[in-house]
Amino acid sequence: MTYSIENRDGILSFTITREEKRNAINDEVMDGFKEVIKTIQTHNDVRFLVITGKGEKAFCSGGDLSEFHKLQTEQEAFGMLSKMGDILYELATLRVPTIALINGAAVGGGCEIATACDFRLVANHAKCGFIQGTLGITSGWGGGTYLFESGIKHDYALKMLVDATTYEASKLYEIGWATRVFEGDKNVALKEFISSMEKIHPSVHHAYKEMKLRSWNEKNMYNRALEEIKLCAKMWESEAHNEAVNRFLNKSNN
Ligand SMILES: CC[C@H](C(=O)O)C(=O)SCCNC(=O)CCNC(=O)[C@H](O)C(C)(C)COP(=O)(O)OP(=O)(O)OC[C@H]1O[C@@H](n2cnc3c(N)ncnc32)[C@H](O)[C@@H]1OP(=O)(O)O
């Protein structure tokens, strides 16, 4: 399996278990995300969703380049990008609090997944960034929209995107992307973070999330994320993108 789902006392944990590929997202992992989101949308016993990666090297390294490089045309790219884009929109608009428990590098689409969560607990060794620009594309799963909506100062948000590089955990906290930076056992950090929220009835969490969702609906967030995805699909066909992906894959084969 490429992911695991565990429900412990109402805390639903989704773990990407593709350590050998730094927890890169492929179709199977996308289907796992759909499964865990549907569980939350159809059950009342889930209080929190935690997303994390196996191991300590990576939370998620974004789209699986060894699979997705086969997508050549704008239409083929849009098929994959919009599938994950819809998943991230459903994730971002869940009525339960969502926590990205960032155990290692969160880059590219991995950074988009983390940004679509309400909270980001970042291990102090983890580096995160929207590195899509190094591949000649822009964020392709809606993460740019969620970053601009996250409340981070505009200049910090835009610089994160156009830098297209990774930031240290301390910098991520300084700019307001990381909710907390932790050392040691991620599960201890998680337990400490949710301890006070756990004492509050879930209906209060749902009500506050509803307030945010109303504002996102007014701001037409879904269609803004869709336009972001269409732009990435258009850039997918570029020579710059194909050359960058081939360089990465050839590095891996050397
Ligand atoms: C699909 C679009 C999507 C979007 O947002 O629209 C994107 O996510 S685009 C961005 C795609 N992701 C990347 O470009 C990141 C590539 N990976 C890295 O930068 C590094 O691997 C890193 C920083 C995540 C971890 O570095 P580390 O030195 O710890 O590991 P290695 O680089 O040696 O990689 C180990 C092993 O994993 C394979 N790998 C890593 N990331 C991916 C990936 N995204 N897709 C496929 N395979 C990946 C890498 O090739 C190595 O394999 P090996 O067979 O051992 O050589």
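In listed order, ligands and their atoms are each counted from 1.
In terms of polar-atom proximity, defined here as any N/O pair under 3.5 Å, Ala105 makes no such contact with ligand 1. Polar contact with ligand 1: absent for Trp141 (N/O pair, distance under 3.5 Å). In terms of polar-atom proximity, Gln132 is counted as a contact of ligand 1, with an N or O under 3.5 Å from an N or O of the ligand. Looking at ligand 1, you won't find any N or O of Thr138 less than 3.5 Å from one of its N or O atoms. Of the polar atoms of Phe248, none of the N or O atoms is found under 3.5 Å from an N or O of ligand 1, judged by distance alone. An N or O contact shorter than 3.5 Å is missing between Ile131 and ligand 1 by distance.
Atom CD1 of residue Ile229 and atom OG of residue Ser139 lie 9.0 Å apart, to the nearest 0.5 angstrom. The line from CE of Met211 to CH2 of Trp216 is 14.0 Å long, rounded to the nearest 0.5 Å.
Applying the 4.0 Å criterion to heavy atoms of Gly109 picks out, from ligand 1, the atoms 5 (O), 7 (C), 8 (O). In summary, the atoms of ligand 1 found under 4.0 Å from a heavy atom of Gly62, numbered by their order in the structure, are 8 (O). Residue contact check: Leu81 has heavy atoms under 4.0 Å from atoms 6 (O) of ligand 1. Set against the non-hydrogen atoms of Met80, the atoms of ligand 1 under 4.0 Å away are 1 (C).
Between Tyr173 and Ala178, the shortest heavy-atom distance links the atoms CD1-O, 3.4 Å.
Note: the hydrophobic cluster containing Val96 does not contain Val204 (ILVMFWY, side chain heavy atoms under 4.5 Å, direct or indirect links).
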Name every donor-acceptor pair, under 3.5 Å, that has one atom in a side chain of residues 151-160 and the other anywhere in the protein, sequence neighbours excluded.
residue: Lys153; atom: NZ; partner: Asp155; partner atom: OD1; Å: 3.0
residue: Lys153; atom: NZ; partner: Asp155; partner atom: OD2; Å: 3.0
residue: Lys159; atom: NZ; partner: Asp163; partner atom: OD1; Å: 3.0
residue: Lys159; atom: NZ; partner: Asp163; partner atom: OD2; Å: 3.1

Considering only distance and modelled atom types, tabulate donor-acceptor pairs under 3.5 Å from the side chains of residues 51-61, sequence neighbours left out.
residue: Thr52; atom: OG1; partner: Leu101; partner atom: O; Å: 2.7
residue: Thr52; atom: OG1; partner: Asn103; partner atom: OD1; Å: 3.2
residue: Thr52; atom: OG1; partner: Lys186; partner atom: NZ; Å: 2.8
residue: Lys54; atom: NZ; partner: Glu19; partner atom: OE1; Å: 3.3
residue: Ser61; atom: OG; partner: Lys21; partner atom: O; Å: 3.1
residue: Ser61; atom: OG; partner: Arg22; partner atom: O; Å: 3.1

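In this comparison of Ala164, Ser61, Gly108, the heavy atom closest to atom 12 (N) of ligand 1 sits on Ser61. Residue Glu112 holds the heavy atom nearest to atom 5 (O) of ligand 1 of all those in Glu112, Arg22, Lys251, Glu228. For atom 14 (O) of ligand 1, the nearest non-hydrogen atom from the set Leu65, Ile113, Leu71 comes from Leu65. Of the options Lys21, Met84, Glu20, the smallest heavy-atom separation from atom 48 (C) of ligand 1 is shown by Lys21.
Of all the heavy atoms of Leu135, the ones lying under 4.0 Å from any atom of ligand 1 belong exclusively to the side chain.
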